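For reference, the structure is listed below as structure tokens.
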Amino acid sequence: MNTALTTVPLSTLGIGSVCQIVSLNLQGLLRRRILDLGMVPGTPVQCIRKSPTGDPVAYMVRDTLIALRSEDASQIHVNPM
């Protein structure tokens with residue numbers, strides 16, 4: 001299966017959706033921080049909740065709740081499960 005056709009940005013997931021990280025298109029310090037939090041390719045992620053305005057969004061990653069801005073989450077590509 002071609003993963004390029006099935007990947008979507010993390011920011012497009014709905015509440016309760018589960019996915020697996022495929023790639024991170026982030027640069028610099030933000031990339032380092034995201035990797036340090038355990039968001040590496042192959043890691044499962046679940047969308048937990050969105051703020052009333054829709055930004056930021058809380059994701060469960062390795063038993064840790066992480067809030068990301070939609071701008072940053074759109075640079076993380078995932079395979080929905």
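What you see is a predicted model, and the numbers here were worked out from it, not measured in a lab. Computation of the quantities below employed the complete heavy-atom set of this structure, encompassing side-chain atoms and omitting hydrogens, waters and symmetry-equivalent molecules.
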What heavy-atom pair brings L13 and C19 nearest, and what distance separates the two atoms? CD1-SG, 3.3 Å
Which residues pass the salt bridge (Lys or Arg N to Asp or Glu O under 4.0 Å) test with R33, sequence neighbours left out? none
To the nearest 0.5 Å, atom CZ of R69 lies from atom OG of S11 at 12.5 Å
Spatial distance of atom CD (Q75) from atom CG (L68) [nearest 0.5 Å]: 11.5 Å
Which residues pass the salt bridge (Lys or Arg N to Asp or Glu O under 4.0 Å) test with D63, sequence neighbours left out? none
Excluding sequence neighbours, so at least two apart, what forms side-chain contact (heavy atoms from CB on, under 4.5 Å) with T43? I21, V40, V61, R62
Of all heavy-atom pairs linking P80 and T6, the shortest is CD-O, 3.5 Å
How far does CG of D72 sit from CG of L10, to the nearest 0.5 angstrom? 10.5 Å
Tell me every residue that passes side-chain hydrogen bond (donor to acceptor under 3.5 Å, both in side chains) with N25, counting only those two or more places apart in sequence or in another chain. H77
When every non-hydrogen atom of G54 is compared with those of S70, the smallest separation belongs to O-OG, 3.6 Å
Value for CG (D55) from CD (E71), rounded to nearest 0.5 Å, stands at 8.5 Å
My understanding is that only residues two or more places apart in sequence, or in another chain, count here; which of them pass side-chain hydrogen bond (donor to acceptor under 3.5 Å, both in side chains) with R31? none
Considering all heavy atoms of both residues, which atom of A73 and which atom of Y59 are nearest to each other, and what is their separation? CB-OH, 3.8 Å
Does L30 belong to the same Ile/Leu/Val/Met/Phe/Trp/Tyr cluster as V57, with side-chain heavy atoms less than 4.5 Å apart forming each link? yes
Out of V45, V18, I48, which residue meets the side-chain contact (heavy atoms from CB on, under 4.5 Å) rule with M60? I48
Please answer whether the main-chain N or O of Q20 pairs with a side-chain N or O of N79 as donor and acceptor at a distance below 3.5 Å. no
Under a 4.5 Å cut-off applied to non-hydrogen side-chain atoms, are L37 and T64 in contact? no
Residues which pass salt bridge (Lys or Arg N to Asp or Glu O under 4.0 Å) with R49, listed by chain and number, not counting sequence neighbours: none
